[in-house]
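Structure provided below as structure tokens; questions to follow.
It should be emphasised that the depicted structure is a prediction, and the values quoted were computed from it without experimental measurement.
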Amino acid sequence: MNIKQIQANNDEIEAARKYSTIYDERDYGENVLGVSHSEFIRFIFVGKLTELVVKRHFEDSGIDINTANMLIPAAGNHRIGADIILNYSNQEIDVKAANQSFHSRLLVREDQFKAHIHDIYIGTKCIDELNVDIYGYIKGIDLKKSTVEDFGYGPCRHIALKKLLPMSQLIAKAKAKINI
């Protein structure tokens with residue numbers, strides 16, 4: 001397993017904090033997991049932080065990406081659209097964040113998956129709101145082959161983080177402008 005470990009910088013932490021604060025103050029989003037409001041807002045913060053760190057990883061690797069909508073909060077129950085788009089291939093990427101030390105899977109809720117299958121899913125873990133581990137990726141068509149199970153968050157598509165394809169492979173293909 002080739003985990004890429006990246007520490008969030010102050011700008012990323014502040015941007016994720018501002019983003020999650022908007023969700024908190026304006027009552028955006030739908031807490032479909034049934035967790036406390038403060039835990040729901042923490043999920044928003046950690047999810048946005050991991051997206052921002054992955055964005056920087058792509059940029060530092062010289063990959064041309066579109067993240068124009070990344071910091072625009074969604075007033076509705078669900079945010080629509082990809083976290084990151086590879087400009088050369090127009091492939092959509094969704095970053096998924098595990099936020100507890102015992103979490104070991106990339107999970108995509110089945111309702112989200114049925115609504116829209118992204119081309120690529122990137123699995124990350126962030127348990128201390130600073131350090132982000134990027135585990136790797138899976139293509140949406142491959143995640144579609146997984147079984148649907150409930151790990152306490154409702155029915156989800158899933159794959160073990162340790163079974164994801166290496167992020168270095170995705171970066172190498174993107175540098176060569178090869179469709180993932």
Inset, instruction - Examine distances only and state if a side-chain atom of K125 and a backbone atom of H103 form a donor-acceptor pair shorter than 3.5 Å. - result: yes

Legend entry - Flag side-chain contact, heavy atom, 4.5 Å: I85 against I65: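 Result no, sub-4.5 Å side-chain heavy-atom pair not found.
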
Legend entry - Closest approach of P155 to V148 (non-hydrogen atoms, all atoms of both residues): CB-CG1, 3.7 Å

Inset, instruction - Kindly indicate whether the side chain of R105, heavy atoms from C-beta on, has any atom under 4.5 Å from the side chain of L161. - result: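 Not touching, per the 4.5 Å side-chain cut-off.
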
Inset, instruction - Kindly compute the distance separating CD1 (I63) from CD1 (I84), expressed to the nearest 0.5 Å. - result: 11.0 Å

Legend entry - Rounded distance (nearest 0.5 Å) linking atom CD1 of I72 with atom CG of N69: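 Taking CD1 in I72 and CG in N69, the distance rounds to 4.5 Å.
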
Inset, instruction - Examine I138 and I3 and state if one hydrophobic cluster contains both, with Ile, Leu, Val, Met, Phe, Trp and Tyr joined whenever side-chain heavy atoms are less than 4.5 Å apart. - result: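 Cluster IDs for I138 and I3 match.
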
Legend entry - Interatomic spacing from CZ in R157 to CD in E110 - rounded to 0.5 Å: 4.0 Å

Legend entry - Minimal non-hydrogen separation, L165 against Q169, with atom names: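 Answer, listing the atom of L165 first, then Q169: CB-OE1, 3.6 Å.
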
Inset, instruction - Kindly give the heavy-atom pair with the smallest separation between Y23 and P73, and that separation in Å. - result: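 Scanning both residues, the minimum pair turns out to be CE1-CB, 3.6 Å.
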
Inset, instruction - State, yes or no, whether a side-chain contact exists between L52 and D11 at a heavy-atom distance under 4.5 Å. - result: no

Legend entry - Intermediate values then yes/no, side chain to side chain contact (heavy atoms under 4.5 Å, CB included), N2 and M167: CA-CA 8 Å; N2 186 13; M167 191 65 180; over 6 Å; no

Inset, instruction - Taking the side chain as every heavy atom from C-beta outward, state whether L164 and I159 have any pair of such atoms under 4.5 Å apart. - result: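 A side-chain contact exists here, since the closest heavy-atom pair is under 4.5 Å.
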
Inset, instruction - Return yes if some donor-acceptor pair links the side-chain N/O of E12 with the main-chain N/O of N9 below 3.5 Å, else return no. - result: yes

Inset, instruction - Determine whether I41 and F45 fall in the same hydrophobic cluster, where Ile, Leu, Val, Met, Phe, Trp and Tyr are linked whenever their side-chain heavy atoms lie under 4.5 Å apart. - result: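 No, I41 does not connect to F45 through the hydrophobic network.
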
Inset, instruction - Compute whether any side-chain donor of one residue and acceptor of the other, for K139 and Q91, lie under 3.5 angstrom apart. - result: no

Inset, instruction - For Y88 and I178, indicate whether the former's side chain and the latter's backbone hold a donor-acceptor pair under 3.5 Å. - result: yes

Legend entry - Closest contact, heavy atoms only, E129 versus V46: CG-CG2, 4.2 Å

Inset, instruction - Answer whether the closest heavy-atom distance between the side chains of Y121 and I93 falls below 4.5 Å. - result: no

Legend entry - Any donor-acceptor N/O pair, T67 side chain to M70 backbone, under 3.5 Å: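 Between the backbone of M70 and the side chain of T67 there is no qualifying donor-acceptor contact (under 3.5 Å).
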
Inset, instruction - Please lay out, stage by stage, how Q112 and K96 fare under the test side chain to side chain contact (heavy atoms under 4.5 Å, CB included). - result: CA-CA 12 Å; Q112 289 179 340; K96 292 299 182 186; 3.0 Å; yes

Legend entry - Atom pair CG/OG of L107 and S146 - distance to nearest 0.5 Å: 10.0 Å

Inset, instruction - Could you check E59, E51, H57 and say which one makes a side-chain hydrogen bond (donor to acceptor under 3.5 Å, both in side chains) with K55? - result: E59

Legend entry - Step-by-step salt bridge (charged side-chain N to carboxylate O under 4.0 Å, His left out) determination, D142 to K145: CA-CA 5 Å; D142 293 329; K145 298 171 190 171; 3.3 Å; yes

Inset, instruction - Answer yes or no: is there a side-chain heavy-atom contact under 4.5 Å between Y135 and K162? - result: no

Inset, instruction - Could you pull out the closest heavy-atom pair between A97 and T50, with the gap in Å? - result: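 Shortest heavy-atom separation between A97 and T50 comes out as CB-OG1, 3.5 Å.
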
Inset, instruction - Please determine if K48 forms a cation-pi arrangement with Y19, meaning its NZ or CZ atom is less than 6.0 Å from the six-membered ring centre and no more than 45° off the ring axis. - result: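 The answer is yes; both the distance and angle limits are met.
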
Legend entry - Interatomic spacing from CG in L86 to CD1 in I120 - rounded to 0.5 Å: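 Output value for this atom pair is 5.0 Å.
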
Inset, instruction - Take L143 and L106 through the side chain to side chain contact (heavy atoms under 4.5 Å, CB included) test and state the conclusion after the steps. - result: CA-CA 10 Å; L143 189 58; L106 176 150; 4.2 Å; yes

Inset, instruction - Decide if atom CG of N10 counts as having more than 12 heavy atoms of other residues, nucleotides or ligands within a radius under 6.0 Å. - result: no

Inset, instruction - Answer yes if the side chains of E92 and H116 hold a donor-acceptor pair under 3.5 Å, and no otherwise. - result: yes

Inset, instruction - Write down the atom of G140, the atom of F113, and the distance for their closest heavy-atom approach. - result: O-CZ, 3.8 Å

Legend entry - Heavy-atom check, side chain of L170 versus side chain of I180, under 4.5 Å: yes

Legend entry - Side chain proximity check, L49 to C126, heavy atoms < 4.5 angstrom: yes

Legend entry - Full working for side chain to side chain contact (heavy atoms under 4.5 Å, CB included) between N99 and I127: CA-CA 5 Å; N99 66 359; I127 58 173; 5.8 Å; no

Inset, instruction - Kindly work out whether a path of hydrophobic side-chain contacts (I/L/V/M/F/W/Y, heavy atoms less than 4.5 Å apart) joins I44 to L130. - result: no

Inset, instruction - Treating Ile, Leu, Val, Met, Phe, Trp and Tyr as nodes and any side-chain heavy-atom pair under 4.5 angstrom as an edge, say whether I6 and Y137 lie in one connected cluster. - result: yes

Inset, instruction - Answer with yes or no whether the side chains of H37 and D24 bring together a donor and an acceptor at under 3.5 Å. - result: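 Indeed, the side chains of D24 and H37 share at least one donor-acceptor pair under 3.5 Å.
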
Inset, instruction - Would you give the length of the straight line joining atom OG of S20 to atom CZ of R42, rounded to the nearest 0.5 angstrom? - result: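 Going from the OG atom of S20 to the CZ atom of R42 covers 11.0 Å.
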
